[in-house]
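To start, the structure itself, in structure tokens.
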Amino acid sequence: MLRATSPVGLAEDRFGRLDAVVANAGVNLARSIDDTGDEDIEWLFSVNVRAVIYLAQAAHGALARTTGSLVVMASKTGLVARRDSPIYCATKGAAIQLARAIALDWAPEGIRVNAMCPGIVDTPMLESFFDQLPDSERARAESATARPLGRLARPEECGAAALFLASAGASFITGLALPVDGGFTAE
């Protein structure tokens, strides 16, 4: 018998338990604050912050039953601001603080909550971001060399970091905002 038709209930039905959840939804918008309208602000906060809240609420009980882990996908721009994307930066900063605050609230139940802060990752979202910029080709070229490791992150590298944060290997880590950015935030 199904517990629920929610993704959390379906996961518990299929696997018998829920040990980890990765809140990995995000949208970006490259616009100055003066060029960002109410609909843009609502869209960015709905996907980048509210979705994390709703997922955390839905997963809390299941994670409490397994002393599981929640990994919130934030961004390096939640730690270090970027030009031409102030609302995006604000949403990712909010996601980091949300993860830290939930970590404190859920720690007594043994649930760990961490934020992961990827830098520039070679994904379709990155391509659409570049396409919004006035000189997209220049931005693409500069992005790869703008971090100490001299290249863009690969999606599987971010996946490995999220898997680590969700694993028993990180059993004493909670409330962390982990940069996965090729050294960008170290400069």
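Source: prediction; values computed, not measured.
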Least distance between heavy atoms, [X] atom then [Y] atom:
| X | Y | value |
| --- | --- | --- |
| A166 | A20 | CB-CB, 3.7 Å |
| A94 | V49 | CB-CG2, 3.8 Å |
| L133 | A139 | CD1-CB, 3.6 Å |
| A115 | A99 | CB-CB, 4.0 Å |
| N48 | G26 | OD1-CA, 3.1 Å |
| P86 | I33 | CG-N, 3.7 Å |

Does [X] reach the main-chain N or O of [Y] with its side chain, forming a donor-acceptor pair under 3.5 Å?
| X | Y | result |
| --- | --- | --- |
| T123 | L126 | yes |
| T77 | V80 | no |
| E12 | G9 | no |
| R112 | A170 | yes |

Side-chain heavy atoms of [X] within contact of [Y], under 4.5 Å:
| X | Y | result |
| --- | --- | --- |
| V8 | L18 | yes |
| D40 | R31 | yes |
| Y88 | R82 | yes |
| P179 | K76 | no |
| P118 | C158 | yes |

In Å, rounded to the nearest 0.5 Å, how long is the span from [atom1] of [X] to [atom2] of [Y]?
| X | Y | atom1 | atom2 | answer |
| --- | --- | --- | --- | --- |
| L44 | K92 | CG | NZ | 9.5 Å |
| F130 | D135 | CZ | CG | 11.0 Å |
| L152 | R140 | CG | CZ | 11.0 Å |
| F15 | D13 | CZ | CG | 11.0 Å |
| R65 | D19 | CZ | CG | 11.5 Å |
| F184 | L79 | CZ | CG | 10.5 Å |

Besides F164, the hydrophobic cluster formed by Ile, Leu, Val, Met, Phe, Trp and Tyr side chains linked at under 4.5 Å, directly or via other members, contains V22, V71, M73, M116, L165, I173, L176, L178, V180
Regarding T185 and D181, is there a side-chain donor-to-acceptor distance under 3.5 Å anywhere? yes
Set out, in order, the CA-CA distance, both residues' side-chain angles and the distance that settles side-chain contact (heavy atoms from CB on, under 4.5 Å) for N114 and V72, then state yes or no. CA-CA 6 Å; N114 293 291; V72 174; over 6 Å; no
Shared hydrophobic cluster for [X] and [Y] (ILVMFWY, side-chain gaps under 4.5 Å):
| X | Y | answer |
| --- | --- | --- |
| L70 | L104 | no |
| Y54 | I111 | yes |
| V121 | I96 | no |

Among pairs that include at least one residue of residues 162-178, which meet side chain to side chain donor-acceptor pair (under 3.5 Å), considering only residues two or more places apart or in two chains? none
Salt bridge between E187 and R147, side-chain N to carboxylate O under 4.0 Å? no
Counting only heavy atoms from other residues, nucleotides and ligands, does the tally under 6.0 Å from [atom1] of [X] exceed 12?
| X | atom1 | value |
| --- | --- | --- |
| D38 | CG | no |
| R151 | CZ | yes |
| E39 | CD | no |

Test side-chain contact (heavy atoms from CB on, under 4.5 Å) applied to L29 and Q132, step by step: CA-CA 8 Å; L29 184 65; Q132 297 175 49; 3.7 Å; yes
What do the steps show when you test D131 against S128 for side-chain hydrogen bond (donor to acceptor under 3.5 Å, both in side chains), and what is the final call? CA-CA 5 Å; D131 290 343; S128 93; over 6 Å; no
